[in-house]
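Worksheet: one structure, shown below.
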Amino acid sequence: MATIGLIRHGITDWNELGKAQGVSDLSLNDLGRSQAKRLGQRHSQDEDWDMLITSNLLRAVETARIIGNIINRPISSIDDRIREINCGMIEGTTEEERINKWGRNWRNLELGIENFENVAIRGLDFLEDIVRLYKNKRVLAVSHGALIGLTLQRLLPEEFRTTYIENTSLTILRKIEDRWQCQLYNCTIHLK
């Protein structure tokens, strides 16, 4: 049985501006670094983790490094499968800008956005590999809001019809025998 802690990266300037980030490679802002530090401090006091894995995007890597420095765990690996959804032509735009450019029904247009199902499959593939490769380990994985949310919706559809994942939130999953369980969802108690 593996325990997997899914973390959304710390906040960026684009998060604060409401811009779609997707695979744009942005760094954390000062608030995001502070959030990551607070989450690292939470883990150093309450929980012991064996490994730290991150998406290849800078905001996730930076979050993982900050946490890893505090809990004394180096990044074990970087995994492209847990990178954010590719937002195609909407990357770098706000909702208002999308409506002005493509109209209120912009979601129905072909704008190069990665298929949600494909994103969920990437996330599930990652989770299954972690369980298979790291039995009885506790693995932290720093990823992204859409990837985590879409994966949860696919993994546990009755429990997660919709999701919202906050910056530096912690979601804990376990697979016991052949059943996935969510022990903690979108927890940000360290930010209080």
Side-chain angles (χ1 to χ4, degrees), residues 1-12 14-15 18-24 26 32 35 39 49 52-57 59-60 63-64 78-91 93-95 98 102 104-134 138-191:
M1 170 186 70
T3 300
I4 303 166
L6 296 173
I7 295 170
R8 182 181 179 196
H9 62 82
I11 204 163
T12 68
W14 279 18
N15 286 133
K19 292 185 176 190
Q21 292 180 104
V23 295
S24 296
L26 306 165
Q35 290 174 325
L39 181 56
W49 296 92
L52 182 58
I53 298 172
T54 183
S55 149
N56 64 327
L57 295 174
R59 58 194 184 269
T63 302
I78 294 175
D79 197 311
D80 293 357
R81 292 175 296 178
I82 58 172
R83 73 186 300 165
E84 184 59 295
I85 186 172
N86 185 327
C87 289
M89 294 166 57
I90 73 164
E91 290 199 14
T93 66
T94 63
E95 177 71 12
R98 291 188 285 274
W102 296 295
R104 293 207 177 277
N105 293 324
W106 65 266
R107 287 179 181 82
N108 299 327
L109 302 175
E110 177 50 53
L111 299 173
I113 300 169
E114 186 177 359
N115 178 281
F116 287 3
E117 184 73 12
N118 293 343
V119 176
I121 289 169
R122 281 196 283 118
L124 289 175
D125 184 51
F126 170 80
L127 293 176
E128 291 295 344
D129 273 358
I130 295 300
V131 168
R132 183 176 52 80
L133 296 170
Y134 305 111
R138 292 175 52 80
V139 179
L140 279 178
V142 182
S143 185
H144 305 269
L147 181 285
I148 295 169
L150 292 168
T151 301
L152 289 173
Q153 289 173 31
R154 176 74 188 261
L155 187 69
L156 298 165
E158 289 86 32
E159 195 171 340
F160 296 106
R161 296 190 198 294
T162 63
T163 52
Y164 179 76
I165 308 298
E166 304 226 21
N167 290 96
T168 68
S169 67
L170 175 65
T171 297
I172 297 179
L173 299 173
R174 283 184 141 174
K175 189 172 186 183
I176 301 172
E177 295 175 3
D178 284 336
R179 255 186 94 116
W180 283 98
Q181 297 175 351
C182 183
Q183 293 190 310
L184 187 67
Y185 169 68
N186 193 38
C187 182
T188 57
I189 196 166
H190 52 280
L191 300 180

Original post:
Is it true that Arg83 and Glu114 make a salt bridge, defined as a side-chain N closer than 4.0 Å to a carboxylate O?
Top reply: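 Judged by the 4.0 Å cut-off on N to carboxylate O distance, Arg83 and Glu114 do not form a salt bridge.
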
Residues in side chain to side chain contact (heavy atoms under 4.5 Å, CB included) contact with [X], at least two apart in sequence or another chain:
X      : result
Ala141 : Leu6, Ile82, Phe126
Asn108 : Asn105
Ala2   : Val131
Gln153 : Leu150, Phe160, Thr163

Review item, side-chain donor-acceptor pairs of residues 178-189, under 3.5 Å, at least two apart:
residue, atom, partner, partner atom, Å
Trp180, NE1, Glu128, OE2, 3.1
Tyr185, OH, Tyr164, N, 2.9
Tyr185, OH, Tyr164, O, 3.2
Asn186, OD1, Glu166, N, 2.8
Asn186, OD1, Ser169, OG, 3.1
Asn186, ND2, Tyr164, O, 3.1
Thr188, OG1, Lys192, NZ, 3.4

**OP:** Determine whether Leu147 and Ile165 make a side-chain contact, defined as any pair of heavy atoms from C-beta on separated by less than 4.5 Å.
**Re:**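 Counting from C-beta outward, Leu147 and Ile165 never come under 4.5 Å.
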
Original post:
Any side-chain heavy atom of Arg59 sitting closer than 4.5 Å to one from Glu84?
Top reply: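 The answer is yes, as the side chains (C-beta and beyond) meet within the 4.5 Å cut-off.
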
For [Y], does its backbone N or O pair with a side-chain atom of [X] as donor and acceptor, under 3.5 Å?
X      : Y      : answer
Glu95  : Gly18  : no
His190 : Thr168 : yes
Asn56  : Asp79  : no

So how far is it from [X] [atom1] to [Y] [atom2], rounded to the nearest 0.5 Å?
X      : Y      : atom1 : atom2 : result
Leu39  : Leu170 : CG    : CG    : 6.5 Å
Ile148 : Thr171 : CD1   : OG1   : 6.0 Å
Trp14  : Thr93  : CH2   : OG1   : 8.5 Å
Lys19  : Thr12  : NZ    : OG1   : 10.0 Å
Trp102 : Leu109 : CH2   : CG    : 8.5 Å

Who pairs with [X] by side chain to side chain donor-acceptor pair (under 3.5 Å), at least two apart in sequence or on another chain?
X      : value
Asn115 : none
Arg174 : Thr3
Asp129 : Arg81, Arg132
Thr63  : none

Original post:
Could you give all pairs that pass the side-chain hydrogen bond (donor to acceptor under 3.5 Å, both in side chains) test and reach residues 142-152, with sequence neighbours left out?
Top reply: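 Non-adjacent pairs meeting side-chain hydrogen bond (donor to acceptor under 3.5 Å, both in side chains): Ser55-His144.
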
Original post:
With sequence neighbours excluded, what pairs up with Glu91 under the salt bridge (Lys or Arg N to Asp or Glu O under 4.0 Å) test?
Top reply: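 Partners of Glu91 under the salt bridge (Lys or Arg N to Asp or Glu O under 4.0 Å) test: none.
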
**OP:** Please report the shortest heavy-atom distance between Asn167 and Leu191, naming the atom on each side.
**Re:**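 Heavy atoms of Asn167 and Leu191 come nearest at O-CD1, 3.8 Å.
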
